[in-house]
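Data block below; observations after.
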Amino acid sequence: MEPWEKVIVDAETYPDSVHGKIPCVDCHGGVQSADKATAHTDLIANPSNDPDAACGECHTDVVPMNATNLHTNLAGYWTVLDQRTAPEDHEVISEMFGNHCSSCHASCGECHVSQPNLVGGGLIDGHNFNATPSMTRNCTACHGSRVGNEYLGKHEDLRADVHFRQGRMTCIGCHTGNEMHGQADNCQLCHTAPESTMPVPPNHRYDGVQNPRCETCHVSAALGTDEIEMHQQHGGDLSCQVCHSIAYTSCDGCHVAISETTGNPFFATDGSYLGFYIGKNPRKSYDRPYDYVTLRHVPVASDSFAFYGEDLLPNYHALPTWVYTTPHNIQRETPQTASCNACHGNAELFLTADKVYPEELEANLSVIVESIPAPIGVLTDTLSITTTTTITATPGITTTLPVTTTTTTDSEDSP
Amino acid sequence: MRPAGRINAVLLLLLLLLAAGCQTNETTNTAVSDLPTPTRVESATVSAAETAVAQAAISPTEEAIAPETEVMAVDECLNCHVDKDMLIQTANPEEEVISENEGEG
């Protein structure tokens, strides 16, 4: 945006709006003056950085919940940082966090009035307050490299998510305002049998009750009543994305530092790539009972914070580097839905040990698939095959050892 | 003449004098039929006139107070922030930000 575009107010619509009736200085500070320098004395560019003061008087249903809003508290970052770092390094980790991670914080205004500061800020609609944030100028402005690109089909040869491509749904279609504000949509979202106690606020995007949840709309799939055999067979065993997602972005090795020339913080990742990986569920719970889920590699390396000190991730292996993910590139038909054996017996789709960096094997033991599900068929039969292996131990002397292999195959395919 | 008779005579004389005074006043007034027909005056004019008279009566030596009119407060903020040309003229010099980031964020 041009500098003037970022601060221009719509003279036609804004003064007549609810917020337009409030004097500018009441929220932004400053002084009423025709002189710019005088007017901008003690100016508050982003009043909603203090939502209690700026928004709380009127929006009493939203602001009190702000403490549990992940966009505000960035609790998910600290959930993993606390597990990988040592308490004695908390101060330097906090410094690192402030320089490199806290920019993901989004205030009320960065969703409802302006573009996020992360992407340069600027008023979106002449200072009018939009109850529904813009998908492209707010949501995917930050959630762009993975969610935005996947959902909007910006990867070559990969189609956009069907909810966008055919459903023309924006983010708010699944991610409600209540979710964004740190509230539950309804009582039943938290109070579900048998866990009837009020859960603590989620400290991770994949913590607590699933929200949104595919089954909320796709009820027949959840109940197995849609006559799709795979839904009947795998309901509850597999996350929906295992069958209905396609290749998505993973990243390697993000390293952060402060520039010696400019003094600005910056990051550098070792690389990004597209792929599809099914692994064991690292966050298995009542709310996420799946055995297998899609996994994405996160760009954390043991020396990611080396600029700030040595060995700042002493518990690097405490968490997997291949993490639970819900790619936003859902398709009705994918390579996985072609047939049962599209997955069964297809090691290419699974996160096996050979696909994990050696230095990360220990961290990912809980998600690596040791044994690929065998190919299956309509009927099963037991066929014994005896093979003979000849071992030559000493020149001139031959020893023969019988080896028996038992294979279960479909009777129709039996030779 | 007895004293009561004298008193009565005096009272009668006084009454006659009073009646003459009233008659004199009446003869000085214009006959009703000769009064001009009063015209209907608009209430606003009347009220404004009454207001002006009342105000003059209160402080006849002071200047007449102008009726209060609603004055719109000038919002200097909006005066500038709705004007594209003004914003361009007063914009701070744009600093080129060189991103040193590498890879996906």
Side-chain angles (χ1 to χ4, degrees), chain A residues 2-12 14-15 20 23-25 28 30-40 43 100 103-104 118-120 123 126-127 142-146 149 249-262 264-273 299, chain B residues 36-105:
Chain A
E2 297 292 326
W4 67 267
E5 287 181 299
K6 293 185 177 182
V7 295
I8 193 165
V9 177
D10 190 327
E12 299 292 326
Y14 181 69
C24 305
V25 296
H28 286 285
V31 177
Q32 281 285 347
S33 172
D35 175 68
K36 176 184 173 182
T38 304
H40 286 191
L43 182 72
H100 303 282
S103 55
C104 276
L118 185 66
V119 294
L123 298 173
H127 208 303
C142 289
H143 298 278
S145 61
R146 286 170 284 279
N149 288 347
T249 301
S250 287
C251 299
D252 287 346
C254 183
H255 297 83
V256 296
I258 302 294
S259 171
E260 293 181 356
T261 54
T262 64
N264 295 327
F266 73 97
F267 65 84
T269 54
D270 291 342
S272 300
Y273 44 92
Chain B
T37 303
T39 56
R40 187 175 184 79
V41 179
E42 293 297 330
S43 60
T45 306
V46 170
S47 62
E50 289 177 348
T51 302
V53 169
Q55 289 179 337
I58 294 172
S59 56
T61 59
E62 296 175 358
E63 294 181 4
I65 299 174
E68 288 187 13
T69 56
E70 187 176 347
V71 178
M72 296 299 296
V74 175
D75 193 323
E76 297 288 355
C77 306
L78 288 181
N79 279 349
C80 183
H81 278 271
V82 299
D83 187 341
K84 171 184 173 182
D85 293 332
M86 178 74 77
L87 292 174
I88 293 173
Q89 289 174 15
T90 58
N92 293 335
E94 198 170 358
E95 297 179 12
E96 184 181 4
V97 178
I98 301 175
S99 175
E100 297 172 84
N101 297 331
E102 297 177 19
E104 298 282 6

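Chain A is the first sequence line, chain B the second, and so forth, proteins listed ahead of strands; every chain is numbered from 1. In what follows, every heavy atom counts, from backbone to side chain, and hydrogens, waters and symmetry copies are set aside.
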State the CZ-CG distance between A/Phe266 and B/Asn101, to the nearest 0.5 angstrom.
-> 8.0 Å
With side chains defined as the heavy atoms from C-beta onward, is the minimum distance between B/Asn92 and A/Lys36 less than 4.5 Å?
-> yes
How far does CD1 of B/Ile98 sit from CG of A/Asn264, to the nearest 0.5 angstrom?
-> 9.5 Å
Please state whether the side chain, the backbone, both or neither of A/Ser33 comes within less than 4.5 Å of a heavy atom of chain B.
-> backbone
Identify which part of A/His28 has an atom lying under 4.5 Å from any heavy atom of chain B, answering side chain, backbone, both or neither.
-> neither
In terms of heavy-atom proximity below 4.5 Å to chain B, should A/Thr249 be classed as side chain, backbone, both, or neither?
-> neither
Residue from B/Leu78, B/Leu87, B/Asp83 passing side chain to side chain contact (heavy atoms under 4.5 Å, CB included) with A/Val9 = B/Leu78
So, B/Glu100 and A/Thr262: side-chain donor and acceptor under 3.5 Å apart, yes or no?
-> yes
Go through the atoms of B/Cys77 and report whether side chain, backbone, both or neither lie under 4.5 Å from a heavy atom of chain A.
-> both
Pick one of side chain, backbone, both or neither for A/Ala34, based on which atoms fall under 4.5 Å of a heavy atom in chain B.
-> both
Would you indicate whether the side-chain heavy atoms of A/Cys251 and B/Glu104 approach each other to under 4.5 Å?
-> yes
Between A/Thr269 and B/Gly103, the two heavy atoms sitting closest are OG1-CA, 3.2 Å
Is there a side-chain contact between A/Ile8 and B/His81, using heavy atoms and a 4.5 Å cut-off?
-> no
